[in-house]
Amino acid sequence: MRKENAMKTKEEIISKLEAHKSDEPSKWREKAEWRLTNKSWLRYSQHIAMKILDRMEEIGLNQKSLAEKMGCSQQYISKVLKGRENLSIATIVKIEEALNFEILKPAIETR
């Protein structure tokens, strides 16, 4: 087999790429800018997501069960576990109660 036959032509490659391109423009720049703008709280959100995942694994709980305990949808739990959800204090407390563990240590000790 000759080398020319084994290699695809530039036109064939471009044609295959064109067939798979999206009709919608890419939003990668907007997503990257959003991540950069929100970097501070995203880091906390990712840390919280990892703590939740560790605890769920420890007690054998899946997303659906956690959602039922919290009274929310499994889709919302999925978003939280991706570490890109800006969680309210109320939501963190619900998660803590559902998993019976502390995510954030209280800033003020109660007596």
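E85 contributes atom CD, which lies 8.0 Å from atom OG1 of T91 (distance to the nearest 0.5 angstrom). Expressed to the nearest 0.5 Å, how far CD of E58 lies from NZ of K51 amounts to 11.5 Å. Taken from CE in M70 to CD1 in I95, the straight-line distance is 4.5 Å, to the nearest 0.5 Å. For the atom pair CD of Q46 and NZ of K82, the computed distance is 13.0 Å after rounding to the nearest 0.5 Å. Residue E96 holds its CD atom at 9.0 Å from CD1 of I52, rounded to the nearest 0.5 Å. Separating the CZ atom in R55 from the CD1 atom in I59 is a distance of 4.5 Å, to the nearest 0.5 Å.
S45 contributes no side-chain N or O that, together with a main-chain N or O of W41, makes up a donor-acceptor pair within less than 3.5 Å.
Residues S26 and W28 come closest through the heavy atom pair OG-CD1, 2.8 Å.
Taking the side chain as every heavy atom from C-beta outward, L61 and K69 approach each other to under 4.5 Å. Taking the side chain as every heavy atom from C-beta outward, R29 and E33 approach each other to under 4.5 Å. In this structure the side chain of L42 reaches within 4.5 angstrom of the side chain of W34, judged on heavy atoms.
Linking ILVMFWY residues whenever their side-chain heavy atoms come closer than 4.5 Å, directly or via other members, places M50 and I92 in the same cluster.
At a threshold of 4.0 Å, the pair K94-E97 does not count as salt-bridged, since none of the basic side-chain nitrogens sits closer than that to a carboxylate oxygen. Ion pairing between K27 and E30 fails under the 4.0 Å rule for side-chain N and carboxylate O.
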Output side-chain donor-acceptor pairs under 3.5 Å for residues 72-80, partner residues at least two apart or in another chain, one line each.
from : atom 1 : to  : atom 2 : distance (Å)
S73  : OG     : Y76 : N      : 3.0
Q74  : NE2    : Q63 : OE1    : 2.4

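More than 12 heavy atoms of other residues, nucleotides or ligands lie within 6.0 Å of CG in L17, so this atom counts as buried by the packing criterion. Within 6.0 Å of CD on E57 lie no more than 12 heavy atoms contributed by other residues, nucleotides or ligands. Other residues, nucleotides and ligands place more than 12 heavy atoms under 6.0 Å from the CZ atom of F101.
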* To do: Mind running side-chain contact (heavy atoms from CB on, under 4.5 Å) on K39 and R43 for me, showing each step along the way?
  => CA-CA 6 Å; K39 183 169 69 172; R43 187 169 294 136; 3.9 Å; yes
